[in-house]
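All chains are named by letter (A, B, ...) in the order of the sequence lines, taking the proteins before the strands, and each is independently numbered beginning at 1. This structure is a prediction, so every number in the text was calculated from the model and none was measured.
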2 protein chains.
Amino acid sequence: MAQPIPIHKHSPLKASCHQCSLSNLCLPLAIEENELDRLEDIVQQGRIFNRGEHIFDQSTPFRSCFAVKSGSVKTSIITESGEEQVTGFFMPGELVGLDSMSSSTYACTAKALERTSVCEFPVEKLEDLTGKLPELQHHMYHLMSQEIQNGHQLAMLLSKNTAEERIAALLLSLSSRFQRRRLSPTNFSLPMARNDIANFLGLAVETVSRVFTRFQNQGLIRARGREVELLDVEALQLVTRDSARQGC
Amino acid sequence: MAQPIPIHKHSPLKASCHQCSLSNLCLPLAIEENELDRLEDIVQQGRIFNRGEHIFDQSTPFRSCFAVKSGSVKTSIITESGEEQVTGFFMPGELVGLDSMSSSTYACTAKALERTSVCEFPVEKLEDLTGKLPELQHHMYHLMSQEIQNGHQLAMLLSKNTAEERIAALLLSLSSRFQRRRLSPTNFSLPMARNDIANFLGLAVETVSRVFTRFQNQGLIRARGREVELLDVEALQLVTRDSARQGC
DNA sequence: CGTCCGGATTGATCCATATCAAAGTTGTAC
DNA sequence: GTACAACTTTGATATGGATCAATCCGGACG
C-alpha cells in the first residue's frame with residue numbers, strides 16, 4: 001500500500017527561516033544570517049491547526065514554545081471551576097508559551113482562532129542555543145520582559161480604565177500589530193469573537209457590543225461583524241488617554 | 001583631609017552571597033556552591049534606601065536588576081498624566097527589574113516601602129554570566145516566566161473577582177511569601193499602605209478599609225493598622241475560591 | 001430556499017464599588 | 001507634650017457596567 005504523502009508531520013521542510021517572510025519579526029530577528037542555520041536545526045516547522053483546535057492546554061507537559069506563522073492564537077487560563085480568563089492574542093511573528101518556562105505543564109491553554117500554522121521550538125534545545133548565541137539570549141530576555149510589561153499594561157487597563165478606553169486600546173494594539181506586518185492598520189478583520197474580547201478586557205459581551213455601536217455612531221470606526229475599519233485613529237488614541245485628561 | 005570611611009559605596013563587602021541567609025531564595029539558588037564566586041564577582045552589595053526613596057524610576061537608564069536583601073519594594077508605572085498603577089511588591093529574595101530588560105530606561109518606578117537594602121546585578125554582566133552558566137540562564141527564564149504568570153494571575157483577579165476575593169488573595173500571597181522566609185505566615189506586618197493595596201488591586205482605598213473591617217468582624221483576620229493576623233486561613237482560601245463556587 | 005444555531009445586538013433593571021464628605025487615628029518633628 | 005500631616009476608617013449617595021431577557025443576524029446544512 002502506498003503511503004499517502006504526509007504533508008505536515010513528516011515533511012519538516014527544513015530550512016525555511018531563511019525565506020520566511022516573518023524573519024524580521026520572529027526569533028531570526030536576533031540572529032546573524034550565518035547563524036540562522038542553527039535555529040533552523042532546532043525548529044519544527046509547519047504544524048497546522050484548524051480553528052478551535054488546541055495547540056496545547058494546561059495538562060500538556062511543557063516542551064516547546066511556538067511561533068505563530070499564519071493565523072492567530074488565543075491563550076487563556078482555565079480555573080478549576082471551568083472559568084476562563086483570556087490572557088492574550090498572538091499574531092504571526094509572535095511567540096507563544098513564554099509564560100510556561102517555569103512550569104512542568106503549560107501555564108495556559110492555547111487555541112487556534114482560525115486555521116493557523118506554527119513553528120515549534122523545543123525549549124531544551126532553545127536554551128542550549130541561547131547559551132551559545134548571546135544575541136539570541138538577549139532577545140529571549142527582551143521578549144519575556146515585554147510580555148511582563150504587557151501584563152502590567154493590561155492590569156492597568158483593567159483596574160483604571162472604562163470599557164471604552166479598554167476597547168479603544170485593544171483596537172489600537174491590533175492595528176499597530178497589523179501595521180508591523182505591513183498590512184493595513186485601519187482595515188482588518190478581528191480574529192476573535194466578541195466574547196473573547198469581553199473576557200480579555202474584563203467586560204461583559206453586551207458591553208463590548210454596546211461600545212462598538214457607540215464608537216460606530218461617533219464615527220470612530222465602522223464595524224460589521226468581525227470586519228473593522230478604524231475611521232479616526234487619533235480620536236481613538238484620545239479615548240485611551242481620557243483617563244489622563246481627568247487630571248487636567 | 002582624611003576621607004570618611006565610605007560605608008556603602010566603596011566597601012563592597014565582596015563575597016557575601018556565600019553567607020547570605022537568602023541564598024536559597026535568590027539567584028544563588030540556581031548556582032553550584034563552587035560557581036557562586038562568579039556571581040559574587042558581578043554583584044554590588046549593600047546599597048541601602050530609606051523608606052520612600054527611589055531605587056530607580058522610569059527615567060533612569062536601565063543598567064541593573066536588584067535583589068531585595070531586606071525591607072521591601074513597591075514597583076509602579078506612572079502615566080504621563082501622573083496616575084500611578086502599582087505593579088508589584090517585592091520582598092527579600094525577590095528580583096526587581098525583570099520587566100525592564102527590553103527597554104533602555106526602566107519600565108517602572110521602584111520605591112523602598114521601608115528601610116531596604118538591595119544587591120545590584122548589572123545586566124550586561126549578568127547576561128554574560130547566564131551565557132556561561134546554563135543553570136543560571138534557566139533560572140532567569142524561570143523567574144521571568146513566573147513574573148508573566150503573576151501578571152496573568154493579577155489580570156484574572158482584576159477582571160473576575162470581587163473586592164473581598166482580591167484582598168483575601170493578596171493576604172494569602174503575602175502569607176506564603178513570609179512563610180518561604182521562615183517567618184510566621186499568620187502574623188506579620190504589611191509593608192505597604194492601604195492606598196498601595198487599593199491601587200494594586202484596582203480598588204478604592206475606602207473599599208479596602210471596609211473589607212478589612214468586614215474580614216475582622218467575620219473573625220477571619222485581626223488587623224490593627226499594618227499589623228495583621230490571619231485567624232482563619234482556610235476561610236480566606238475559601239473566599240478566594242468563591243468565584244469558583246458560583247459554577248457549582 | 002427554508003431552517004436552525006451560535007454569535008451579536010438592543011433594552012430594562014440592579015448592584016458592587018466608586019465617589020464625596022467627614023471624622024478618627026497614628027506617627028513624628030519640634 | 002503638642003500639633004501637624006499623613007493615613008485610615010466610617011457613612012451617604014451616585015453610577016458604570018453586570019445581569020437578565022428578548023430579538024436579531026448570518027452562515028452551514030439539509
Sole residue of B/Glu83, B/Gln85, B/Gln58 in side-chain contact (heavy atoms from CB on, under 4.5 Å) with B/Ile78: B/Gln58
Output the rounded distance in Å from CG (B/Asn195) to P (D/dA5). 18 Å
Give B/Ala193 one of three labels, base, sugar-phosphate or nothing, depending on what nucleic acid heavy atoms sit under 4.0 Å from its own. sugar-phosphate
Expressed in angstrom and rounded to an integer, what is the separation of A/Leu158 atom CG from C/dT17 atom P? 15 Å
Salt-bridged, B/Lys111 to B/Glu84, with N to O below 4.0 Å? no
Rounded to whole angstrom units, what separation is found between the CZ atom of A/Arg166 and the P atom of D/dG16? 13 Å
Using a heavy-atom distance cut-off of less than 4.0 Å, which residues of residues 206-223 of chain A contact DNA chain C? A/Glu206, A/Ser209, A/Arg210, A/Thr213
When you measure from the side chain of A/Thr162, which nucleotide among D/dT9, D/dG17, C/dA18 comes out closest? D/dG17
Applying the side-chain hydrogen bond (donor to acceptor under 3.5 Å, both in side chains) test to A/Arg222, which of A/Glu227, A/Glu229, A/Gln216 qualifies? A/Glu229
Spacing of A/Arg224 atom CZ relative to D/dG27 atom P, expressed in whole Å: 11 Å
Separation of atom CG in A/Asp196 from atom P in C/dG7, rounded to whole Å: 9 Å
Whole-Å gap separating P (C/dT17) and CG (A/Asn161): 18 Å
Starting at atom CD of A/Glu164, determine the distance to atom P of D/dG17, rounded to an integer number of angstrom. 8 Å
Ion pair present between A/Arg181 and A/Glu94, side-chain N to carboxylate O less than 4.0 angstrom? no
Just to be sure I understand the rule, does A/Ala163 reach a base, reach only the sugar-phosphate, or reach nothing, if contact means heavy atoms closer than 4.0 Å? sugar-phosphate
With a 4.0 Å cut-off on heavy atoms, is B/Gly202 in touch with a base, just the backbone sugar-phosphate, or nothing at all? sugar-phosphate
Checking A/Glu120, A/Gln44, A/Arg47 against A/Ser64 for side-chain hydrogen bond (donor to acceptor under 3.5 Å, both in side chains), the one that qualifies is A/Glu120
In whole Å, I'd like the distance from the CZ atom of A/Arg194 to the C1' atom of D/dC24. 14 Å
